Amino acid sequence: MDLFTGLAHTLYSTLHDVLPIVAVVIGFQVLVLRRPIPNLGKSLIGFVYVLIGLTLFLAGLERALFPLGKLMAYQLTSPAFLGGDPVSTAGLVRWQDYGWVYVFAAALGFATTLAEPALIAVAVKAQSVSGGTVRVWGLRVAVALGVAIGIALGTYRIVTGTPLHYYIITGYVIVLIQTVFAPRAIIPLAYDSGGVTTSTVTVPLVAALGLGLASTVPGRNVLIDGFGLIAFASLFPIITVMGYAQLSDWWSLRRKRRQASAKDDVD
Amino acid sequence: MLSLIRSSIRDLLPIVLVIAFFQFAVLRQPFPNVDDLLVGVVLVVLGLTFFTRGLEQGLFPIGEAIAHAFARKGSLMWLLIFAFALGFGTTIAEPALIAIADEAAKVAAQAGAIESNEASMRNYARGLRVTVAFSVGVAIVVGVFRILKGWPLHYLIIGGYIGVVVITMFASPEIIGIAYDSGGVTTSTVTVPMVTALGVGLATSIRGRNPLVDGFGLIAFASLTPMIFVMIYGMLI
C-alpha cells in the first residue's frame with residue numbers, strides 16, 4: 001500500500017474514534033455548561049496532536065509490525081514449524097509440542113502492552129494522583145506481566161481445548177481473594193488496568209495468534225476456540241497489579257521492621 | 001520534545017526485540033521488506049510522541065475541565081446524561097467493536113441462531129453494536145454515580161462478576177468467547193484517557209473524595225457490563 005493512501009485511510013478511522021468525543025464534549029459545552037473551557041486553543045491543539053499521533057502510530061503498526069507479527073504467529077503455529085505431526089499416535093494433541101508458541105505469546109503480550117498508549121495515559125495519571133507512590137514504570141511492568149501470563153495461559157487453553165469459562169471464573173475467584181487482602185487504594189486502579197491493556201497494539205496481534213492457533217491445532221474450532229485471548233489479557237493484569245501493590249507493601253513493612261530491630265540492637 | 005521521542009523509543013524497543021529474536025533465532029528467517037519496516041517503525045515512534053504530547057495538552061485538561069464544570073453546576077441529571085452520551089458515543093463508532101460484531105454474526109449464523117443470509121447477519125451485528133454501546137453508556141453512568149456517592153468499587157465490581165458467572169451458566173457456548181472479548185475491546189485509546197480524566201476530575205472536585213480511591217474504576221465498569229449485556233443479547237435473539 002502506498003504510504004499516503006495508508007495514512008489517509010488511518011486518519012479516517014482515527015477520526016471515527018475522536019469525533020464522537022469531540023462532538024459530545026462540544027455539544028454539552030455549548031448547550032448545557034455554557035462556560036468557556038480554560039485554554040481552549042491550547043487544548044484543541046492537543047486534540048490535533050492526539051489525532052496526528054494515533055494516525056502515525058497506527059499507520060506505522062499496519063506497515064511494519066502487524067504484517068510481520070501476524071506472519072510470525074501463523075508460522076510459529078504451523079505444523080511445518082512444529083516438526084511434522086504434532087498429533088501423537090493416540091490422536092491427542094500434545095501441548096508440549098507448542099513450547100515456542102507459549103514463549104512467543106508471553107513475550108508478545110509483555111512487549112505490546114508496554115507500548116500500549118492507553119496504558120501510558122492511565123499510568124501517568126495514576127502517578128500524578130497518587131503523589132508518586134504508584135510509579136509509571138512499576139504499574140506498566142506489572143500490567144505487562146499480567147498480559148504475558150494471561151496470553152500464554154490463553155494459548156495453552158486453545159491447544160488443550162478446555163472451556164474458557166473455567167479459567168476466567170478461577171481468575172475471578174483469585175481476584176476476589178486478593179481484593180480482601182490488597183491495600184484499599186490500589187483496587188480501583190487494578191480493576192481499571194484490566195480494561196486498558198487491550199487496545200490498539202495488543203488486540204490485532206493477539207487476535208491473529210489466537211485465530212492462527214485455533215485453525216492449525218487439530219480438532220479446534222476457530223469460532224469457538226479462537227476467541228477468548230483478549231479476555232485472558234484483561235483479567236490477569238488485575239491480579240498482577242494487586243500483587244505488585246501487595247509485594248511493595250510487604251517489602252516496606254519488612255524494611256521498617258528490620259530498621260526497628262536494628263535500632264533495638266543499638267539500644 | 002526530544003526527551004518525549006526518547007521515551008517513545010524506549011516504549012517500543014521491547015516489541016522490536018521480541019520480533020527480531022523470534023525472526024532470527026527461532027524461525028531463522030531474514031526480515032522481509034526491510035525498508036517498509038524502517039518507515040513503519042519511524043512512524044510508530046513519531047505517532048507515540050505526538051500522542052503523549054496531545055494527552056497532556058488536550059485530552060487530560062479537557063476531561064478535567066468538564067468534570068469541574070459539572071461539579072460546579074451541580075446538576076446530577078445533566079452529569080449522568082453526559083456520562084451516558086460519552087460512553088455510548090465513543091463505543092458505537094469503535095472500529096474494533098465493528099470487527100468483533102461482524103465476527104459474532106458469523107458465529108451466530110453458523111450455530112443456527114439466526115438465518116444465514118446477509119440481511120439477518122447485518123441486523124444481528126448492528127444489534128450487537130448498539131447493545132455493547134448501550135452497556136458502556138450504562139457503565140459510565142453507574143461509575144460516575146459511584147464516585148458521587150463514594151461507594152467502594154469492589155462491591156459493585158464483584159457483584160458484577162458474580163452476575164457474569166451466573167449468566168455464563170445459561171449462555172450458549174458460541175457467544176461466551178465473544179462476550180468475554182467484547183469487554184476488552186470497548187475501551188479505545190482515546191476513550192480511556194478521557195474517561196480517566198473525567199473520573200479523577202470529579203473525585204478531586206467533590207469534597208471528601210480521594211482521586212486515587214474514587215477517581216479510578218470507570219474503565220473497570222466499561223469492561224464488565226458488555227460481557228453481561230452481550231450474553232443476554234445472545235439469549236434473546
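Protein chains get the first letters and strands the later ones, always in sequence-line order, with residue 1 at the start of each. Fair warning: this is a prediction, and the values are worked out from it, not measured in the lab.
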Less than 4.5 Å to any heavy atom of chain A: does that hold for the side chain of [X], its backbone, both, or neither?
X        : result
B:Val200 : side chain
B:Phe21  : side chain
B:Leu218 : backbone
B:Val45  : neither
B:Ala65  : side chain
B:Val192 : side chain
B:Thr90  : both

Practice prompt. May I ask you to check whether B:Phe51 and A:Phe57 place their ring centres under 6.0 Å from each other?
Written response: no
Discussion item. If you take the centroid of each ring, where Trp contributes its six-membered ring, are A:Tyr167 and A:Phe232 closer together than 6.0 Å?
Written reply: yes
When heavy-atom pairs shorter than 4.5 Å are enumerated against chain B, which of [options] gives the highest number?
options                      : answer
A:Ala185, A:Pro163, A:Pro117 : A:Pro117
A:Ile52, A:Leu189, A:Leu19   : A:Leu189
A:Pro67, A:Ala144, A:Ala118  : A:Ala118

Test item: [X] and [Y] side chains (from C-beta on) under 4.5 Å apart, heavy atoms:
X        : Y        : answer
B:Phe22  : A:Val103 : yes
B:Phe82  : B:Leu198 : yes
A:Val124 : B:Glu56  : yes
B:Ile167 : B:Met227 : no
A:Gln29  : B:Ile66  : yes

What residue in [options] has the most heavy-atom pairs under 4.5 Å with chain A?
options                               : answer
B:Val41, B:Val39, B:Ile162            : B:Val39
B:Ser182, B:Ser75, B:Pro14, B:Ala179  : B:Pro14
B:Ala222, B:Gly215, B:Ala197, B:Gly58 : B:Gly58
B:Ser8, B:Pro152, B:Gly217            : B:Gly217
B:Thr189, B:Val213, B:Thr49           : B:Thr189
B:Leu37, B:Val16, B:Leu38             : B:Leu37

Worksheet item: Can you tell me how far the OH atom of A:Tyr191 sits from the CG atom of B:Leu224, to the nearest 0.5 Å?
Response: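 Rounded to the nearest 0.5 Å, the OH-CG separation comes out at 10.5 Å.
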So, [X] and [Y]: side-chain donor and acceptor under 3.5 Å apart, yes or no?
X        : Y        : result
A:Glu62  : A:Thr10  : no
B:Ser205 : B:His68  : yes
B:Thr168 : B:Tyr180 : yes

Which region of [X], side chain (C-beta onward) or backbone (N, CA, C, O), has a non-hydrogen atom less than 4.5 Å from a non-hydrogen atom of chain B, or is it both or neither?
X        : result
A:Ile238 : side chain
A:Phe28  : side chain
A:Leu119 : neither
A:Thr112 : both
A:Val48  : neither

Worksheet entry | Sequence-distant partners of A:Phe181, ring pair (Phe, Tyr, Trp, His ring centres under 6.0 Å), two or more places apart |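 For A:Phe181, no residue satisfies ring pair (Phe, Tyr, Trp, His ring centres under 6.0 Å) once neighbours in sequence are set aside.
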Fill in: Listed partners of A:Arg140 passing salt bridge (Lys or Arg N to Asp or Glu O under 4.0 Å), at least two apart
B:Asp11
